[in-house]
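Both backbone and side-chain heavy atoms feed into the values below; hydrogens, waters and symmetry mates do not.
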Amino acid sequence: MRYTEQLRRREGDVITLANGITAARIAGSLALLFTKPFSSGFAVLYLFCGVTDMMDGTVARRTHTESEAGARLDSAADLIFTGVCQFKLLPVLRLPLWVWIWTAGIAGIRAVNLISGYVLRRQAVLLHTPANKLTGLLLFLTPLALGRIPADLAVIPAGAAAAFAAVQEGHLIRTGKERS
């Protein structure tokens with residue numbers, strides 16, 4: 001029996017190469033806490049986290065080891081990375097009030113989505129839609145654009161994608177279309 005077939009047959013297992021890559025992203029994210037924003041060390045860890053984020057899903061699909069546990073671990077890693085980046089970067093950025101209001105609105109929609117998912121499905125519903133993936137890519141690229149583009153302009157593409165993705169996610173959760 002091939003190795004990937006063995007992994008597929010053990011449905012409850014969460015120890016896979018893909019999940020190891022995701023765990024490395026969590027470790028890299030936590031290491032970012034000990035670096036100076038926009039330093040070379042920060043940039044290396046930041047890029048490492050981005051590359052591992054792109055790799056884990058691809059590896060899971062190619063090795064046929066996709067799992068609900070892996071998807072949840074990926075979502076947790078995304079939240080940790082995003083939280084650490086916000087903790088490190090937001091205090092050093094000078095953003096206008098409208099950016100903060102827009103961000104709070106998107107966060108509010110996401111909170112309603114989480115509550116809706118729990119009420120309707122009795123579990124946290126975190127969707128990996130194309131719009132959410134585009135948002136992740138744009139959010140990832142935004143700090144790399146800072147210094148070349150004014151911060152208040154650099155956030156617009158990611159903010160627009162995030163707003164659309166949040167509204168779409170809420171619609172999919174409430175209509176039950178996330179399962180198709």
Side-chain angles (χ1 to χ4, degrees), residues 21-22 24-26 28-33 35-61 71-117 124-175 177-178 180:
I21 293 169
T22 304
R25 181 164 79 256
I26 292 171
S29 298
L30 295 174
L32 281 171
L33 289 169
T35 63
K36 182 180 176 186
F38 305 114
S39 68
S40 58
F42 185 90
V44 167
L45 285 170
Y46 187 84
L47 289 171
F48 170 79
C49 291
V51 169
T52 56
D53 189 23
M54 290 183 280
M55 286 177 53
D56 59 1
T58 302
V59 169
R61 284 184 293 280
R72 284 189 181 138
L73 182 64
D74 181 61
S75 293
D78 291 345
L79 288 172
I80 292 167
F81 177 66
T82 301
V84 167
C85 287
Q86 289 176 358
F87 177 78
K88 294 297 284 187
L89 297 175
L90 291 179
V92 299
L93 297 176
R94 299 208 184 268
L95 297 171
L97 180 60
W98 67 265
V99 172
W100 294 106
I101 293 169
W102 194 15
T103 302
I106 294 167
I109 294 168
R110 294 264 182 206
V112 168
N113 292 346
L114 281 172
I115 293 166
S116 295
V125 178
L126 302 167
L127 304 180
H128 288 267
T129 64
N132 275 331
K133 291 178 182 183
L134 175 63
T135 298
L137 174 65
L138 293 173
L139 283 170
F140 179 75
L141 293 175
T142 298
L144 301 174
L146 296 172
R148 294 170 175 68
I149 301 171
D152 58 338
L153 295 177
V155 301
I156 290 173
F164 174 80
V167 170
Q168 179 192 48
E169 184 175 66
H171 171 72
L172 294 173
I173 289 169
R174 286 182 277 291
T175 60
K177 303 272 185 185
E178 83 278 2
S180 52

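- Scored by the side chain to side chain donor-acceptor pair (under 3.5 Å) test, Thr35 finds no partners at all (sequence neighbours excluded).
- With contacts defined as side-chain heavy-atom distances shorter than 4.5 Å, the pair Leu141/Leu144 qualifies.
- The list of salt bridge (charged side-chain N to carboxylate O under 4.0 Å, His left out) pairs with a residue in residues 102-113, not counting sequence neighbours, reads Arg110-Glu169.
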Before giving the answer on side chain to side chain contact (heavy atoms under 4.5 Å, CB included), spell out for Phe87 and Leu32 the whole-Å C-alpha distance, their side-chain angles and the decisive distance to 0.1 Å.
-> CA-CA 10 Å; Phe87 177 78; Leu32 281 171; over 6 Å; no

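- Rounding to the nearest 0.5 Å places CG of Leu139 at 10.0 Å from CG of Asn132.
- The heavy-atom pair separating Thr142 from Ala158 by the smallest distance is OG1-CB, 3.7 Å.
- Here side-chain hydrogen bond (donor to acceptor under 3.5 Å, both in side chains) pairs that include residues 80-101, with residues two or more places apart or in two chains, number zero.
- Shown here are the side-chain contact (heavy atoms from CB on, under 4.5 Å) partners of Phe164, two or more places apart in sequence or in another chain: Ala131, Gln168.
- For the side-chain hydrogen bond (donor to acceptor under 3.5 Å, both in side chains) condition, the pairs that include at least one residue of residues 41-54, sequence neighbours left out, are Arg25-Asp53.
- Going from atom CZ of Phe81 over to atom CG of Asp74 covers 12.0 Å, rounded to the nearest 0.5 Å.
- Here the closest non-hydrogen pair linking Leu95 and Ala151 is CD2-CB, 3.6 Å.
- The two residues Thr135 and Ala162 come nearest to each other via the heavy atoms OG1-N, 3.4 Å.
- Distance alone, capped at 3.5 Å, places no donor-acceptor pair between the Asp152 side chain and the Val99 backbone.
- Rounding to the nearest 0.5 Å places OG of Ser116 at 12.0 Å from CG of Leu172.
- For the residue pair Ala154 and Leu146, the shortest heavy atom distance occurs at CB-CD2, 3.9 Å.
- The side chain to side chain donor-acceptor pair (under 3.5 Å) search around Thr22 returns Asp56, not counting sequence neighbours.
- Minimum interatomic distance between Gly170 and Asn113 (heavy atoms only, all atoms of both residues): CA-OD1, 3.0 Å.
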When you look at Val112 and Arg174, which way does the side chain to side chain contact (heavy atoms under 4.5 Å, CB included) test go after all the steps?
-> CA-CA 11 Å; Val112 168; Arg174 286 182 277 291; 4.2 Å; yes

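- Heavy atoms only, all atoms of each residue included: Ala163 and Trp102 are closest at CB-NE1, 4.0 Å.
- Within the model, atoms CD1 of Ile80 and SG of Cys85 stand 12.0 Å from one another, a figure rounded to the nearest 0.5 Å.
- Under the 4.5 Å side-chain criterion, counting only non-hydrogen atoms from C-beta, Phe42 is in contact with Leu89.
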